[in-house]
A.B. asks: 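Sharing a structure here in structure tokens format.
The structure presented is a predicted model; accordingly, all values stated were derived computationally and were not measured. Because only heavy atoms are used, hydrogens play no part in the values below, and waters and symmetry mates are left out as well, while side chains stay in. Numbered from 1 within each chain, the chains take letters A, B, ... in sequence-line order.
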Amino acid sequence: MTIKEKIASKLSSILEQLGVDIPAKDIEISSTKNSNFGDFATNIAMKLTRVLHKSPLAIADDIISKFELDEISKAEKAGPGFINFYIKDEAVQEIIKKVIDSKGNFGQLNQGKGEKTMLEYVSANPTGALHLGHARGAAVGDCDARLLKKCGYDVTREYYINDAGSQVYKLARSIKARYLQELGIEAEVPEDGYHGKDVVAFAKEIVEKEGDKYKDDSEDNLEFFRKKGIELALGGIKKDLHEFRVDFDHFTSEKDIRDAGKIDRVLEELKPYCYQKDGATFLNTTKDGDDKDRVIIKSDGSYTYLLPDIAYHKDKFDRGYSWLIDLFGADHHGYIARIKSSVKSLGYNPDKLDVDLVQMVRLFKDGKEYKMSKRTGNAVSLKELIEEVGVDAVRFFFVSRAASQHLDFNLDLAKTMGTVNPVYYCQYAHARLNAIIEMGTTKYKIDETGRNLIDPSELQLMKKMASFPSVVLDAALTLSPYKITIYVRELASSINEFYTKCRVLDPEHIELTESRLGLCLAAKSVLKEGLDLIGVNAPEHM
RNA sequence: GACCCUGUAGCUCAGCAGGAUAGAGCAACAGCCUUCUAAGCUGUGGGCCGAAGGUUCGAAUCCUUUCAGGGUCACCA
């Protein structure tokens, strides 16, 4: 039971004596923003004015006169009727042992109780290298997965490969053109094809390995370029993602879904909601609030992207996942209503499918916006970004804003970020603690009781550490890794403050030194856990 | 036209299941290294929370209207 819960439960029983029945979980206990108002506060006295027909201050007096709790040194009324609670130093100090005993898993929770959860993200078409926009989705999705795991969800990270739609044929024709050019045969990349330099590299590789045996114009050869193109593009994508510390548990191919006959089955099930118009098959999605019904089979008989996607989502549920999360670029926002409607029509609970959108990244270079287009080949790739800025900084930056917020990536600033970048600030705090620990443990023992730690900077640091699990839970349930970046920044700040105010290694005061070493060890551990959640390294030395 | 995101300090943003004096970082200014990493710490200045109404004991937070910016609205994916 946390201290907050203990306070709530105590308040609940006091209120019962006053003739009001409110369960502990409905009593709001907030952490105060300002230490002048104690550590925790409740507004319950103000809420009950109408019930008890008394002024909030009088109600607060009644409650305070009966309030007593081991961990709380005092409760006092304040302002318009708040009750502020002050934690005893001894209760704060207990955090050291808790953290050290957890062996690096202080924030580990069991909220999810092993619920099988699937997080689908990136899922970029295998038609070339990943660019800036994908990179943000990759960073956010990866952190979401880390957060959910931390909270006890059984998370699978999945990448859906669009390897059967028209885009991959455009890629095939583009590679083929480059391939022919490579062989000295005149050919032109289709107007709507892919003009990036990665496609040229693919063609070169094919020439090196296969020579000219695919130079003839045939269906078989085009199929070869399609397959080879996906293989090369996906290989590159996986490599870049791995470099970015983003690894998937499972890849699902659209083509496999089609070949397994799963689309026909879905079509059969959706029949009651389908109708023919202008030679195409429409799915009724307006029944669930979509703007208009959606075409699933075009008048030429081919599928729109939606139909295999529906089959894919059904497949996810059928594989035993009870919670599905899709992370898409903001340009897919029209997609939410139609996929949710489809899922509902298939008999699944649409509330167990969450579609989160990652807003656009705008790139600024040389002081002005740099317009990107993957097709024309002037996109900034993830790989280039990592090379220029570094994995830690890129990850931290992409995750430091809510996914629903637009993000301006200033490349000039990012490159010169050195001392300005918060990621170094956090890592520095970690390395500093480590330096003390390395030096200290050769001469001193470590005291885990936290006794002697009463400096304001020490108490503040321990309180900050204690709030970690609740921050993790909040960040996970709202899929908001940016909350971890804020927390980590604050924790590092508390550490640096402690560092400057409190000398740790002091032969004159052995006992205090040992207590402070315990604090360093615990603080370092929590900071590392926080950094791990956003996939940023916690260096021992800098 | 419909829908999504956003207007908070000079800049980038937190805060938005209503609560006490609206917070950080950067930038500006003033201090702090004979002692564990100064990539650090301390202090100062800086705000009609886009605007107007409404709900409330109480609004940056909720509702309506309005202004401004970004984005999406395919038988593309």
Side-chain angles (χ1 to χ4, degrees), chain A residues 28 30 32-34 36-37 41-43 46-47 49-50 55-56 78-82 84 123-125 127 160 162 164-168 170 192 254 277-282 290-292 294-306 308-309 328-337 357-360 362 369 397 400-408 410 413 417-440 457 482-483 485-486 489-490 492-493 495-507 513 516-517 520 541-542:
Chain A
E28 206 179 308
S30 56
T32 54
K33 312 173 203 173
N34 189 326
N36 294 335
F37 302 137
T42 182
N43 58 2
M46 291 184 283
K47 291 236 154 146
T49 47
R50 258 167 262 164
S55 81
F82 290 98
N84 295 334
S123 295
N125 285 345
T127 50
Y160 179 56
N162 290 108
S166 55
Q167 293 303 320
V168 290
K170 284 181 189 166
D192 62 350
E254 176 186 352
K277 197 176 119 192
D278 306 332
T281 304
F282 282 73
D290 196 7
D291 294 355
K292 49 188 155 187
R294 302 292 163 178
V295 172
I296 51 173
I297 303 177
K298 302 182 216 171
S299 50
D300 68 1
S302 64
Y303 304 144
T304 64
Y305 76 97
L306 184 59
D309 264 18
F328 293 127
D331 52 339
H332 287 64
H333 93 85
Y335 175 96
I336 301 174
L357 299 179
V358 180
Q359 281 292 339
M360 299 290 132
R362 290 191 305 169
E369 188 173 357
F397 188 75
S400 63
R401 293 283 127 70
S404 62
Q405 303 263 359
H406 295 261
L407 188 70
D408 290 341
N410 187 328
L413 195 73
M417 244 173 187
T419 61
V420 174
N421 195 325
V423 75
Y424 297 116
Y425 180 85
C426 300
Q427 292 180 321
Y428 184 61
H430 186 266
R432 269 179 145 184
L433 287 179
N434 184 63
I436 298 176
I437 293 166
E438 278 185 357
M439 250 175 277
S457 67
Y482 79 93
K483 292 183 176 178
T485 65
I486 292 174
R489 181 74 181 68
E490 289 171 352
S493 171
I495 289 169
N496 280 328
E497 212 174 302
F498 157 72
Y499 183 93
T500 29
K501 282 194 190 148
C502 299
R503 168 88 202 173
V504 176
L505 306 177
D506 180 2
T513 295
R516 284 182 169 164
L517 275 173
C520 289
H541 304 279
M542 280 176 82

A.B. asks: If you look at every strand shown and take non-hydrogen atoms under 4.0 Å, does Q405(A) touch a base, only sugar-phosphate, or nothing?
C.D. replies: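 Sugar-phosphate only.
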A.B. asks: Which comes earlier along RNA chain B counting from the 5' end, the contact point of G79(A) or that of I297(A), where each point is its nearest nucleotide?
C.D. replies: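 Its nearest nucleotide being more 5', the pick is G79(A).
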A.B. asks: Using a heavy-atom cut-off of 4.0 Å across all strands, would you classify A330(A) as base, sugar-phosphate, or nothing?
C.D. replies: nothing
A.B. asks: For M439(A), answer base if it contacts any base atom (sugar-phosphate contacts may also be present), sugar-phosphate if it contacts only those atoms, and nothing otherwise; contact means non-hydrogen atoms under 4.0 Å.
C.D. replies: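 Sugar-phosphate contact only - M439(A) comes under 4.0 Å of backbone atoms but never of a base.
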A.B. asks: In whole Å, measure the gap between the C1' atoms of A14(B) and A60(B) for me.
C.D. replies: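 Approximately 12 Å lies between the C1' atom of A14(B) and that of A60(B).
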A.B. asks: When rounded to the nearest Å, what value does the distance between C1' atoms of A59(B) and A68(B) take?
C.D. replies: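 The answer is 23 Å between these two C1' atoms.
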A.B. asks: With rounding to the closest Å, how many angstrom separate the C1' atoms on U44(B) and G7(B)?
C.D. replies: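 The answer is 29 Å between these two C1' atoms.
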A.B. asks: Checking all strands, does D278(A) fall into the base, sugar-phosphate, or nothing category for heavy-atom contacts under 4.0 angstrom?
C.D. replies: base
A.B. asks: So what does C426(A) touch, heavy atoms closer than 4.0 Å: a base, only the sugar-phosphate, or nothing?
C.D. replies: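 No contact at all - C426(A) keeps every heavy atom at 4.0 Å or more from the nucleic acid.
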A.B. asks: Do R401(A) side-chain atoms and H406(A) backbone N/O form a donor-acceptor pair below 3.5 Å?
C.D. replies: no
A.B. asks: The side chain of Y424(A) lies closest to which of these nucleotides: C36(B), C3(B), A39(B)?
C.D. replies: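 For Y424(A), the side-chain atoms sit closest to A39(B).
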A.B. asks: Considering all heavy atoms of both residues, which atom of F282(A) and which atom of K277(A) are nearest to each other, and what is their separation?
C.D. replies: CE1-O, 3.6 Å
A.B. asks: Between C16(B) and G23(B), how far apart are the P atoms? Round to whole Å, please.
C.D. replies: 14 Å
A.B. asks: Ignoring hydrogens and angles, tell me if any N or O in the side chain of D300(A) forms a donor-acceptor pair with the backbone of S302(A) under 3.5 Å.
C.D. replies: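 Looks like yes, one N/O pair under 3.5 Å.
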A.B. asks: Between R516(A) and C36(B), is there a contact of a side-chain N or O with OP1 or OP2 at under 4.0 Å?
C.D. replies: no
A.B. asks: Regarding R489(A), tell me which of base, sugar-phosphate or nothing describes its non-hydrogen contacts under 4.0 Å with the strands shown.
C.D. replies: sugar-phosphate
A.B. asks: How close do Y425(A) and S493(A) get, counting heavy atoms only, and between which atoms?
C.D. replies: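 That would be OH-CA, 3.1 Å.
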A.B. asks: Measure CG/L407(A) against P/G70(B) and give the value in whole Å, please.
C.D. replies: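 Distance check: L407(A) CG to G70(B) P gives 17 Å.
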A.B. asks: Between Y305(A) and A77(B), is there a contact of a side-chain N or O with OP1 or OP2 at under 4.0 Å?
C.D. replies: no
A.B. asks: State which of C41(B), U37(B), A77(B) makes the closest approach to the side chain of K298(A).
C.D. replies: A77(B)
A.B. asks: If anything within 90° of 0 is syn and all else is anti, what is A30(B)?
C.D. replies: anti
A.B. asks: So N36(A), base contact, sugar-phosphate only, or nothing? Heavy-atom distance under 4.0 Å.
C.D. replies: base
A.B. asks: Closest heavy-atom contact between L505(A) and M439(A)?
C.D. replies: CD1-CB, 3.8 Å
A.B. asks: Check every atom of A77(B), U37(B), C5(B) against the side chain of A431(A) and return the nucleotide holding the closest atom.
C.D. replies: U37(B)
A.B. asks: With rounding to the closest Å, how many angstrom separate the C1' atoms on U64(B) and A27(B)?
C.D. replies: 39 Å
A.B. asks: For the side chain of M46(A), starting at C-beta, report the closest nucleotide among A77(B), G19(B), C36(B).
C.D. replies: G19(B)
A.B. asks: Base, sugar-phosphate or nothing for N84(A)? Non-hydrogen atoms, less than 4.0 Å.
C.D. replies: base
A.B. asks: Can you tell me how far P in G70(B) sits from the matching atom in C75(B), rounded to whole Å?
C.D. replies: 27 Å
A.B. asks: Return the 5'-most residue of the pair E497(A), F82(A) with respect to RNA chain B, ranking by each residue's nearest nucleotide.
C.D. replies: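 Checking each residue's closest nucleotide, the 5'-ward one belongs to F82(A).
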A.B. asks: Taking atom C1' in both U34(B) and A30(B), compute the distance separating them and give it to the nearest angstrom.
C.D. replies: 24 Å
A.B. asks: When you check the phosphate oxygens OP1 and OP2 of U12(B), does a side-chain N or O of Y482(A) lie under 4.0 Å from one of them?
C.D. replies: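 Answer is no, no contact under 4.0 Å.
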A.B. asks: Of the nucleotides U12(B), C41(B), G19(B), which has the atom closest to the R401(A) side chain?
C.D. replies: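 Of U12(B), C41(B), G19(B), U12(B) is nearest to the side chain of R401(A).
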A.B. asks: Give the minimum heavy-atom separation between F498(A) and C520(A), together with the two atoms involved.
C.D. replies: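 Scanning both residues completely, I find the closest heavy atoms to be CE2-SG, 3.9 Å.
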A.B. asks: Should Y499(A) be counted as stacked on G40(B), where stacking needs a ring-centre gap under 5.5 Å and an angle between planes under 30 degrees?
C.D. replies: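 The base of G40(B) is not stacked with Y499(A) (the test needs centres under 5.5 Å and planes under 30°).
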A.B. asks: Do Y335(A) and F328(A) make a side-chain contact, defined as non-hydrogen atoms from C-beta onward lying under 4.5 Å apart?
C.D. replies: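 In short, these two side chains touch, coming nearer than 4.5 Å.
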A.B. asks: Counting the atoms with a prime plus P, OP1 and OP2 as sugar-phosphate, which does A429(A) contact under 4.0 Å by heavy atoms, base, sugar-phosphate, or nothing?
C.D. replies: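 Nothing, no heavy atom under 4.0 Å.
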A.B. asks: Whole angstrom is fine here: how far is it from CZ in R362(A) over to C1' in C5(B)?
C.D. replies: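 To the nearest whole Å, that distance equals 12 Å.
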A.B. asks: Please check this pair: side chain of T281(A) against backbone of I296(A), looking for a donor-acceptor N/O pair closer than 3.5 Å.
C.D. replies: no
A.B. asks: Establish, with yes or no, whether the OP1 or OP2 oxygen of G15(B) is under 4.0 angstrom from a side-chain nitrogen or oxygen of K483(A).
C.D. replies: no
A.B. asks: With a 4.0 Å cut-off on heavy atoms, is D291(A) in touch with a base, just the backbone sugar-phosphate, or nothing at all?
C.D. replies: nothing
A.B. asks: Describe the nucleic acid contact of Y425(A) in one word from base, sugar-phosphate, nothing, applying a heavy-atom distance below 4.0 Å.
C.D. replies: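 Sugar-phosphate: the residue Y425(A), judged by heavy atoms under 4.0 Å, touches backbone atoms but no base.
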A.B. asks: Nearest whole angstrom, please: distance from the C1' of A74(B) to the CG of D290(A).
C.D. replies: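 Taking atom C1' of A74(B) as the reference, CG of D290(A) is at 13 Å.
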A.B. asks: What heavy-atom pair brings G329(A) and L357(A) nearest, and what distance separates the two atoms?
C.D. replies: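 Closest approach of G329(A) to L357(A), heavy atoms only: O-CD2, 3.7 Å.
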A.B. asks: Between C4(B) atom P and L357(A) atom CG, what is the distance in whole Å?
C.D. replies: 11 Å
A.B. asks: Are any of K292(A)'s side-chain N or O atoms less than 4.0 Å away from OP1 or OP2 of A74(B)?
C.D. replies: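 Yes, because at least one side-chain N or O of K292(A) sits under 4.0 Å from OP1 or OP2 of A74(B).
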A.B. asks: Within the 4.0 Å heavy-atom criterion, would you say I486(A) contacts the bases, only the backbone, or no part of the nucleic acid?
C.D. replies: sugar-phosphate
A.B. asks: Kindly point out which of C5(B), A20(B), C36(B) is positioned nearest to the side chain of A41(A)?
C.D. replies: A20(B)
A.B. asks: Mind checking if S299(A) touches a base, just sugar-phosphate, or nothing, with heavy atoms under 4.0 Å?
C.D. replies: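 Result for S299(A) = base.
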A.B. asks: Considering only the C1' atoms, how many Å lie between U42(B) and C3(B), rounded to the nearest integer?
C.D. replies: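 Here U42(B) and C3(B) have their C1' atoms 50 Å from each other.
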A.B. asks: Classify the glycosidic conformation of C32(B) as syn or anti, calling it syn when the angle lies within 90° of 0.
C.D. replies: anti
